[in-house]
2 protein chains.
Amino acid sequence: MSKKTTIYDIAKKLNITAATVSRALNGNPKISESTRQLVNETAKEMNYEQNKLAQALKSGKSYNVGVIVPRIDSNFFALVIRGIEEVLYAKGYHVIICQTHDQKKLEIQNINSLLNAQVDGVLMSISNSGSEENENFDRLLKKNVPLIFFDRKKDIDGISAVTIDDFKAGYEAAQHLINQGCKRIAHLSNNRKIQIFNNRYLGYKQAILDNGLEFDESLVIETASKVEEGSKATKILLDMEMPPDAIFSSSDFAALGAIQEIKSRGIRIPQDICIVGFANEPFTRFMELPVTSVDQSPLEMGRISAQVFLDEVDKGKKKIPNKQVVLNPELIIRKSSLKSEA
Amino acid sequence: MSKKTTIYDIAKKLNITAATVSRALNGNPKISESTRQLVNETAKEMNYEQNKLAQALKSGKSYNVGVIVPRIDSNFFALVIRGIEEVLYAKGYHVIICQTHDQKKLEIQNINSLLNAQVDGVLMSISNSGSEENENFDRLLKKNVPLIFFDRKKDIDGISAVTIDDFKAGYEAAQHLINQGCKRIAHLSNNRKIQIFNNRYLGYKQAILDNGLEFDESLVIETASKVEEGSKATKILLDMEMPPDAIFSSSDFAALGAIQEIKSRGIRIPQDICIVGFANEPFTRFMELPVTSVDQSPLEMGRISAQVFLDEVDKGKKKIPNKQVVLNPELIIRKSSLKSEA
DNA sequence: TAAATAACTGTAATCGATTACATAAATATA
DNA sequence: TATATTTATGTAATCGATTACAGTTATTTA
């Protein structure tokens with residue numbers, strides 16, 4: 001109701017200046033213990049709360065950080081965000097979450113919006129659909145707003161990134177399928193202009209070649225990370241003259257679509273076709289037929305991304321070499337690919 | 001790099017005052033057309049961008065709005081948020097999303113955090129675990145920060161709310177099961193101190209009574225909205241002397257747990273037991289056995305909540321009667337409850 | 001032509017917190 | 001005792017945008 005109390009109100013009441021009050025509240029060592037106590041008590045009495053907007057104006061820091069992800073209703077991104085929040089909240093930051101829904105237009109809009117909100121930094125996983133252009137990222141960098149990529153990254157000078165070793169993840173997934181006796185392993189990829197998807201693909205390919213199997217490019221299909229798209233792609237695969245005996249999908253959602261399509265044709269999993277997904281979404285564990293998937297330690301990814309941001313903020317203008325953190329993926333083996341036990 | 005340009009820079013360049021620049025940029029009618037143009041052009045040339053922090057300090061508005069939900073990795077909340085964003089972004093607001101994970105402690109922390117960020121309003125779905133106390137909400141109200149509940153609400157004077165008609169939803173779900181010939185319908189409820197859960201329960205109960213069936217309180221179990229909890233509760237139900245022939249769950253996640261438990265015992269769905277969930281999460285559609293569920297038009301709920309907030313902000317201090325918007329639920333019937341066709 | 005009005009623009013205070021610099025009082029040093 | 005050094009606080013500018021009020025022309029009216 002009544003106006004908020006400011007340091008001026010406190011100052012007037014104690015017959016001192018706002019400067020002294022400010023210093024006392026901020027623990028400036030030049031303030032005598034007696035007045036410090038007095039000020040603190042009075043502040044409490046008067047329900048003083050610092051006006052963050054004023055402080056922000058003065059310091060040029062908003063203590064807001066933007067996080068941009070393709071979508072928030074995936075467990076993976078939700079957990080990354082949780083990790084980010086955990087670290088940043090503790091440092092007094094607020095997190096503004098934006099979704100791109102994999103549309104470049106929205107990505108640009110989001111960046112504008114965050115810039116507008118004068119965020120102190122941006123942590124993001126880039127959108128799928130996208131030109132080769134980096135102007136948006138450049139705009140952030142030019143303004144000295146730290147930008148950190150996680151998961152879906154691009155190699156841009158001056159931008160740190162936190163990912164898992166996607167090549168290794170792809171390699172291990174394929175190797176696992178090969179170990180199960182699969183010979184024709186298909187791959188539901190995603191936009192391979194995005195590094196992580198390309199790396200998963202490359203790892204998968206390498207494993208096939210390393211094992212002396214034939215690599216068939218026609219078994220690789222790019223799809224969006226959606227159930228329907230997974231089904232669609234699987235239709236194509238199953239209709240081939242020599243259909244695959246395994247599918248490694250770089251998305252759990254697409255894998256789910258694949259499973260639906262396969263089951264609808266009465267083909268057995270894992271006996272006839274083995275399935276491996278990616279991201280370890282909870283439903284992979286909860287399904288009647290639990291799905292093998294790759295865990296990306298999203299919580300950890302979020303925490304580390306936040307830490308990288310904090311480091312960059314601290315270092316201020318000093319240009320530091322962009323940090324590239326690579327986490328270890330973990331293949332979680334479940335029934336959908338356990339031919340040996342079926 | 002170089003400092004940001006301010007209205008003072010523009011003023012200096014044009015040999016006028018910052019006041020004039022400010023007025024020109026804001027379309028003040030007292031400014032001559034010529035200078036207005038000149039200012040606008042120069043602003044563009046110099047890459048001028050308004051400092052929102054300064055404006056926020058002056059106006060007392062941060063143009064930040066807080067949204068508090070139990071979790072973001074559920075399709076329901078993700079869509080509500082999307083609806084909110086849609087409306088608020090268009091009005092120049094930013095949205096700060098917070099999760100409570102159904103912990104009162106985090107809820108309080110979130111509110112503090114948002115208050116700290118000087119948000120212009122808070123839209124929230126209250127957390128489950130909770131005392132009867134409303135002090136946190138009162139704190140917002142005392143500061144004249146509009147608070148709007150959606151979905152999980154409480155009746156508090158001065159707080160508007162947007163929900164679906166949960167009583168009707170519960171009633172229709174139960175009626176549907178009765179129509180399928182079910183006689184002993186169990187209910188996986190949730191904390192019934194939360195209105196929406198109590199209303200679903202009451203609707204369910206009323207339908208049973210209206211149809212002359214016996215109402216058995218022991219068939220009602222409170223569980224959290226989690227897969228594991230759903231399984232656990234279902235174990236109890238199936239171990240009863242007279243197990244139910246249908247389960248109406250007020251959560252899709254708990255329903256999923258129920259289905260797992262039921263299937264693991266070799267009991268058939270829907271022949272032996274029918275299942276109805278709640279929230280129309282995507283997986284209900286994608287499962288091998290698609291699950292009947294209640295749609296709550298989350299997008300619409302978000303949009304309307306945002307609109308209610310905008311209305312309250314506009315009206316300013318004038319106390320307006322708290323608005324209570326009630327949306328219509330829609331029962332989406334799928335195989336899990338279609339005994340008649342099985 | 002003098003007075004009144006309109007049309008612009010400038011002056012300066014304001015939002016609330018921070019901080020370099022100045023100053024006063026208290027204490028230490030020679 | 002006179003000077004140097006601390007210690008504690010006050011003064012005033014600053015961050016950038018907004019706006020009530022005042023002031024200056026230019027235009028209109030009597």
Side-chain angles (χ1 to χ4, degrees), chain A residues 2-40 42-43 46-64 92 115-120 143-144 316, chain B residues 2-40 42-43 46-64 92 115-120 143-144 316:
Chain A
S2 50
K3 293 274 165 56
K4 279 192 162 188
T5 59
T6 70
I7 51 172
Y8 295 94
D9 301 324
I10 301 177
K12 197 181 288 174
K13 183 156 188 179
L14 296 179
N15 242 355
I16 54 180
T17 45
T20 306
V21 175
S22 172
R23 283 188 273 247
L25 292 172
N26 288 308
N28 185 312
K30 293 209 160 180
I31 293 296
S32 71
E33 193 52 40
S34 57
T35 57
R36 183 196 321 291
Q37 281 206 354
L38 199 58
V39 168
N40 281 321
T42 315
M46 301 178 74
N47 284 316
Y48 170 74
E49 283 178 32
Q50 194 194 41
N51 184 321
K52 291 283 173 181
L53 298 178
Q55 195 198 21
L57 173 60
K58 188 71 175 93
S59 67
K61 283 194 65 173
S62 68
Y63 274 92
N64 277 146
L115 237 23
N116 206 262
Q118 243 131 323
V119 291
D120 296 339
K143 301 203 177 198
N144 257 316
Chain B
S2 51
K3 293 273 164 55
K4 278 192 162 186
T5 60
T6 70
I7 52 173
Y8 295 94
D9 301 324
I10 300 178
K12 197 181 288 174
K13 182 155 189 179
L14 296 180
N15 243 355
I16 54 180
T17 47
T20 305
V21 174
S22 172
R23 284 188 274 247
L25 292 172
N26 288 307
N28 186 311
K30 292 209 161 178
I31 294 296
S32 71
E33 192 52 40
S34 58
T35 57
R36 184 195 321 291
Q37 281 206 354
L38 198 59
V39 168
N40 281 320
T42 315
M46 301 178 73
N47 284 316
Y48 170 74
E49 282 177 33
Q50 194 194 42
N51 184 322
K52 291 284 172 181
L53 297 178
Q55 195 197 21
L57 174 60
K58 190 72 176 85
S59 68
K61 282 193 67 171
S62 68
Y63 274 92
N64 276 146
L115 238 21
N116 207 261
Q118 244 131 321
V119 291
D120 297 338
K143 303 204 173 194
N144 258 315

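These numbers come from the heavy atoms of this one structure, side chains and all, not from hydrogens, waters or symmetry mates. Throughout, protein chains are lettered first and strands after them, A, B, ... in sequence-line order, and every chain is numbered starting at 1.
- By the side chain to side chain donor-acceptor pair (under 3.5 Å) test, B/T42 pairs with no residue at all, sequence neighbours left out.
- The environment of A/K13 atom NZ is sparse: at most 12 non-hydrogen atoms of other residues, nucleotides or ligands sit within 6.0 angstrom.
- Remark: A/K143 NZ to A/L115 CG distance equals 4.5 Å, nearest 0.5 Å.
- You'll find the side chain of B/I16 stays beyond 4.5 Å of the side chain of B/T35, heavy atoms only.
- For the contact set between residues 16-31 of chain B and DNA chain C, defined by any heavy atom under 4.0 Å, the members are B/I16, B/T17, B/A19, B/T20, B/R23, B/K30, B/I31.
- With sequence neighbours excluded, no residue forms a side chain to side chain donor-acceptor pair (under 3.5 Å) with B/Q55.
- Proximity of B/Y8 to the phosphate of D/dT18: no side-chain N or O atom is located under 4.0 Å from OP1 or OP2.
- Between B/N15 atom CG and C/dC8 atom P the separation is 20 Å, expressed in whole Å.
- Residue A/Y48 forms a side chain to side chain contact (heavy atoms under 4.5 Å, CB included) with just one option from A/N40, A/V21, A/I10, A/V39, and that option is A/I10.
- Atoms CD (A/Q118) and P (D/dC15) sit 15 Å apart, rounded to a whole Å.
- Distance, B/Y63 OH to C/dC15 P: 20 Å, rounded to whole Å.
- Among residues two or more places apart in sequence or in another chain, the side chain to side chain donor-acceptor pair (under 3.5 Å) test is passed with A/K12 by none.
- Separating the CG atom of A/L14 from the C1' atom of D/dA8 is a distance of 15 Å, rounded to the nearest angstrom.
- Per the geometry, CD belonging to B/E33 stands 9 Å off P belonging to C/dC8, to the nearest Å.
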* Can you check side-chain hydrogen bond (donor to acceptor under 3.5 Å, both in side chains) on A/Q118 and B/N51, steps first, answer last? -> CA-CA 8 Å; A/Q118 243 131 323; B/N51 184 322; 3.0 Å; yes
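- Sorted by residue number, the members of residues 49-61 of chain A with any non-hydrogen atom under 4.0 Å from DNA chain D read A/L57, A/K58.
- Residues that satisfy the salt bridge (charged side-chain N to carboxylate O under 4.0 Å, His left out) test with A/R36, not counting sequence neighbours, are A/E33.
- The shortest distance between the side-chain N/O atoms of A/T35 and the OP1/OP2 oxygens of D/dA8 is not below 4.0 Å.
- We find that CG of B/L38 is positioned 10 Å from P of C/dT9, with the value rounded to whole Å.
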